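Some notes on the structure that comes next.
The structure displayed is predicted, hence computed values, not measured ones.
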Amino acid sequence: MKTITFTVNGNPVTLDVSEDANLLSVLNDDLELAGAKEGCGAGECGACTVIVDGVAVTSCLYPACEADGRVVETVEGLVLESGSLHPLQRTFVDYGAVQCGFCTPGMVMSAKALLDKYPNPNEQEVKVALAGNICRCTGYTQIVEAVLAAAEEMKK
Amino acid sequence: MAAALDYLRPASVAEALSLLSTIEGAQPVAGATDVWVGIRSKKHSPKALVSLKNIPNLRFILPDRETDAYEGRAEGVTGDSGVLLGAATTHGDVEDSAWMKTHFPAVHQACSGVGSRQVRNVATVGGNICNAAPCADSAVGLLLYDATLVIAGPAGERELPLSEFFVGPGETRLGPAEILKEVKVPNPGPRTYAWYWKHTRRKGVELPLLGVGARVTLDADGMVEKARVSLGVCAPMPTRSYEAEKVLEGQKLTAELAAEAGEVAAANALVRDTWRGRGWYRREMVRVLVPRVIKLSGALS
Ligand code: FES
Ligand code: FES
């Protein structure tokens with residue numbers, strides 16, 4: 001076991017993790033943050049996407065020990081302090097970009113990482129940023145629309 | 001129960017080297033994306049992972065001062081010297097570098113096509129090279145520019161041309177107690193054109209059926225001064241097609257000459273059947289893609 005300290009959604013946490021644990025299992029099981037999902041466990045579906053030090057990563061492939069000292073954001077941290085939804089959450093609902101919802105936390109976090117860095121993406125850039133997030137329900141069109149709409153929203 | 005895995009995070013190259021030489025079965029990792037999949041699927045059981053991610057000054061693109069990856073070590077490096085990539089530079093760093101896009105388009109294309117954005121944010125160029133998959137995109141791109149590897153080991157640093165680094169699938173000339181530190185790419189010179197084509201069944205998040213790169217440097221009279229043709233998945237390792245390069249060098253570049261280079265590259269490619277694609281198809285596509293990348297590089301106009 002190794003003791004690691006990192007920040008999750010603004011809160012510092014310290015805990016013991018097994019050397020072969022991935023960040024996803026630490027979030028899901030130890031911290032009871034169930035937003036990030038395990039789909040494939042191999043970096044292919046994006047359901048486990050979280051943001052580490054400002055960039056989207058697949059937490060199933062991210063060694064938990066490597067999170068030590070870093071800043072992690074998960075979908076649970078998106079809700080604004082006022083209690084209202086983050087613009088991305090709002091537009092995902094409004095545009096029908098959520099059906100079963102399994103891909104949604106990962107989709108939203110990939111989109112957030114994109115918008116944090118490039119507030120003005122075009123459709124192609126959104127598609128590239130989300131290419132690692134598989135959705136079996138929506139057909140993607142609504143998701144891309146929702147991200148572009150959120151970008152507009154966030155500029156206001 | 002399998003022996004427990006250890007996860008170590010040295011803070012310097014020297015510390016990493018001493019861990020690698022004292023712990024048997026220790027493996028250096030940077031992004032660890034590929035190694036982690038191997039461990040999870042039990043294909044692979046190293047005793048310890050030595051993470052290179054926390055070593056300062058292993059992640060930079062010099063002299064591109066604009067990138068996040070730049071960490072202030074530009075002294076003495078100018079645009080004329082080519083580029084120096086820290087081994088822990090991620091594919092995403094290269095993708096975001098407008099400078100790489102302008103000066104080393106084939107490397108930029110190769111790195112931008114690896115995995116998903118989430119994977120590119122973590123997976124490193126050094127890792128892609130040391131992992132030595134026959135399809136390693138960044139290696140196929142870098143072979144075009146005569147990249148040299150700077151390798152650190154117990155006896156100090158040594159340099160090795162990338163074209164001599166690979167031995168077989170997953171096998172390289174990196175010693176067990178060595179790490180790849182930097183990738184040096186010389187200035188390709190004026191009138192250099194290059195392109196990389198990753199041949200896939202779908203547009204993204206896919207391993208290549210084939211990777212094909214070409215680079216030509218023309219002299220002032222428009223003759224091919226230097227040519228490089230590199231291939232992924234056409235041998236047990238990323239390779240150059242020396243035969244195709246010979247066809248091009250010293251000649252006036254025309255569409256016919258490019259087509260001939262494609263014929264020769266195809267005839268000499270060591271393609272094989274895999275579940276991803278058949279050998280005959282790969283060979284046929286080398287013939288088609290070599291002239292296509294030469295055309296896409298802009299060298300023919
Ligand atoms: S669970 Fe991580 S990418 Fe699929
Ligand atoms: S909403 Fe069901 S997988 Fe995307």
Side-chain angles (χ1 to χ4, degrees), chain A residues 1-4 17-25 36 38-70 106-107 109-114 117-118 121 124-134 140, chain B residues 1-11 26-27 29-54 59 67-69 88 90-93 95-96 112-123 127 200 202-207:
Chain A
M1 294 292 245
K2 285 239 169 7
T3 304
I4 61 169
V17 298
S18 159
E19 284 81 352
D20 63 359
N22 55 36
L23 177 59
L24 177 63
S25 68
E38 174 151 21
C40 63
E44 285 165 12
C45 73
C48 65
T49 303
V50 301
I51 297 178
V52 177
D53 286 350
V55 297
V57 309
T58 46
S59 60
C60 69
L61 288 189
Y62 204 91
C65 291
E66 202 59 69
D68 186 42
R70 300 187 197 275
M107 273 305 170
M109 295 315 281
S110 281
K112 177 170 191 290
L114 172 72
K117 207 162 176 186
Y118 304 103
Q124 183 57 25
E125 288 161 341
V126 172
K127 286 183 178 170
V128 169
L130 299 183
N133 293 79
I134 294 177
Y140 301 102
Chain B
M1 216 184 115
L5 175 77
D6 202 357
Y7 196 97
L8 303 158
R9 303 170 85 209
Q27 170 164 15
V29 291
T33 47
D34 217 81
V35 173
W36 204 256
V37 174
I39 291 174
R40 302 284 290 187
S41 61
K42 310 227 171 353
K43 266 190 207 133
H44 194 64
S45 47
K47 268 262 225 19
L49 296 179
V50 176
S51 166
L52 309 179
K53 255 184 116 141
N54 305 284
R59 184 178 175 188
T67 70
D68 290 351
T90 67
H91 293 80
D93 294 334
E95 181 180 13
D96 292 342
S112 305
V114 170
S116 61
R117 183 71 219 202
Q118 294 96 308
V119 168
R120 294 195 293 279
N121 280 338
V122 177
T200 53
R202 53 172 195 248
K203 277 190 190 158
V205 199
E206 170 80 299
L207 292 174

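- The shortest heavy-atom contact between Val37(B) and Ala42(A) is CG2-O, 3.9 Å.
- Of the possible donor and acceptor atoms, none in the side chain of Gln27(B) sits under 3.5 Å from a partner among the backbone N and O of Val50(B).
- Both the backbone and the side chain of Ala131(A) come within contact range of chain B, with heavy atoms under 4.5 Å apart.
- Against chain B, the residues from residues 44-55 of chain A that qualify, each with a non-hydrogen atom under 4.5 angstrom away, are Gly46(A), Thr49(A), Val55(A) in number order.
- Looking only at distances, a side-chain donor or acceptor of Asn133(A) sits under 3.5 Å from a matching main-chain atom of Gly106(A).
- The choice from Val57(A), Leu130(A), Leu61(A), Val128(A) that makes the most heavy-atom pairs within less than 4.5 Å of chain B is Leu61(A).
- Glu38(A) pairs by the salt bridge (charged side-chain N to carboxylate O under 4.0 Å, His left out) definition with nothing, not counting sequence neighbours.
- What you find for Gly115(B) and Arg120(B) is that their closest heavy atoms are O-NH1, 3.0 Å.
- Both the backbone and the side chain of Thr58(A) come within less than 4.5 Å of a heavy atom of chain B.
- Side-chain atoms of Ser25(A) come within 3.5 Å of backbone N or O of Asn22(A) as a donor-acceptor pair.
- Of the listed residues (Val122(B), Asp34(B), Asp6(B)), the greatest number of heavy-atom pairs within a distance under 4.5 Å of chain A belongs to Asp6(B).
- Looking at residues two or more places apart in sequence or on another chain, you find no side chain to side chain donor-acceptor pair (under 3.5 Å) involving Lys203(B).
- Partners of Arg117(B) according to the salt bridge (charged side-chain N to carboxylate O under 4.0 Å, His left out) rule, which considers only residues two or more places apart in sequence or in another chain, are Glu95(B), Asp96(B).
- Most heavy-atom pairs under 4.5 Å with chain B, from the set Ala64(A), Ala113(A), Pro63(A): that is Pro63(A).
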